[in-house]
Protein chains: 2
Amino acid sequence: MSRTVPEVKAYAGELNSTAASLLGFLHGGPASGYELVGIAEGLIGDFWSLTRSQVYRELATLSARGLITAGPVGPRARRRYELTETGRVAFAAWLAEPPGPEQIRYPLLLKLAFGSSIDRDTLRGYLVEHRVMHERRLKRYYDMADNIDDKLLRSTVRFGIHYERGVLAWMDEVAESLDVPDAEEG
Amino acid sequence: MSRTVPEVKAYAGELNSTAASLLGFLHGGPASGYELVGIAEGLIGDFWSLTRSQVYRELATLSARGLITAGPVGPRARRRYELTETGRVAFAAWLAEPPGPEQIRYPLLLKLAFGSSIDRDTLRGYLVEHRVMHERRLKRYYDMADNIDDKLLRSTVRFGIHYERGVLAWMDEVAESLDVPDAEEG
DNA sequence: ATAGCCATGTAACCAGTTACATGATTTC
DNA sequence: GAAATCATGTAACTGGTTACATGGCTAT
């Protein structure tokens, strides 16, 4: 066995994805927690939700770890955080790790799985409610895609488009199958 | 304003979806935590992940709330839980609530969003890795769909099929766009 | 009969959500 | 200049993940 190397220069430790994304945004210049929430919602909110509380907590620990530094306290206790060199390194290291699998939690599917205990009209109601939501999102994604210059960022919106299309097609299929009396099933 | 009714017969309080699904499974007869984890993974694991620890915790609180009752302790401290009448009511109430929106967290999208800082070959690598995973899942869903009798349960698998198809189509699109030199973009 | 594996559960920790607090800005 | 609104942050709680503990079963 070759000699292990216990000392890694400027090792910054593991980063969770939320913290990493904050570092990512801070590449664009210092920002406060509140501002970061806004930026994140706009850019990654559709596939990576985060809340204010989370952001503040991450900022606190990132700061304690030296990956960012807090600027002076402004009005309403606001303070902007700035990326440090170590922070840059940590972010780059995070980017270089292969991303894990996605995680989906869809309560509608859950209720559908137990659907035999629900009456059909209630189910139909759930479906149409969600359908309008998905249609709206799809429309919004189309609009967004037209206005994004960055190729890769646009590709994340393209994901949304493919996803919503798939969901809508699925919903139509389910709605149709709900209309078939049980006796006729194949 | 009509007289409010402060006493709700057998009101069982709110249920989170994970707890609710346990109640759902217990309709099929008593089961232990370990068994429930297995059942859940098989039936809803693809769109509603849960872990053993979660299950045990939920069982404990469900039991404390009287929605299930614990049977005798067997080997390895195993005990089976049984649904109570209150539990049935609570489950039905949960089913009757409209389901909330889905939640997606896809680290690949996150890294893509910051993709301008990653070199293209690394990105391509991430994509192919995930692609094989999605292909495998799609294949599995096709197999599953053929063997599920329950119409609605099958429709949840159909969701998976539509979803995976969408993801694969998206991946092909992104891969193609990665091959286009940046200068040529439209 | 003992070594190793599997079934089962627990504890500690980390991430995400909800609800709250409060100090600036605007508006009339 | 008081009321309403918005920006900003904090605290408490719930849900999710990782790592650990251990007793029973199987095979040789």
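All chains are named by letter (A, B, ...) in the order of the sequence lines, taking the proteins before the strands, and each is independently numbered beginning at 1.
- Taking the six-membered ring where tryptophan is involved, the planes of His130(A) and Tyr106(A) are tilted, since the angle between them lies from 30° to 60°.
- Panel note: side chain Lys111(B), backbone Leu123(B); no donor-acceptor pair is recorded below 3.5 Å.
- As a whole-Å value, the separation of Leu22(B) CG from dG15(D) P is 12 Å.
- Defined by atom type and a distance below 3.5 Å, a donor-acceptor pair is present between the side-chain atoms of Tyr163(A) and Glu102(B).
- Using modelled atom types and a 3.5 Å distance limit, the side chains of Ser155(A) and Trp170(B) yield no donor-acceptor pair.
- Contact annotation: Tyr56(A) does not reach the phosphate of dT10(D) (side-chain N/O to OP1 or OP2, under 4.0 Å).
- Tyr141(A) and Phe159(A) have their aromatic ring centers separated by at least 6.0 angstrom.
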Reading nucleotides 15-24 of chain C from 5' to 3' and marking B where a protein heavy atom lies under 4.0 Å of the base, S where only the sugar-phosphate is that close, and - otherwise, the string is BBBBB---BB
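- The CD1-C1' distance, from Ile104(A) to dG16(D), rounds to 17 Å in whole Å.
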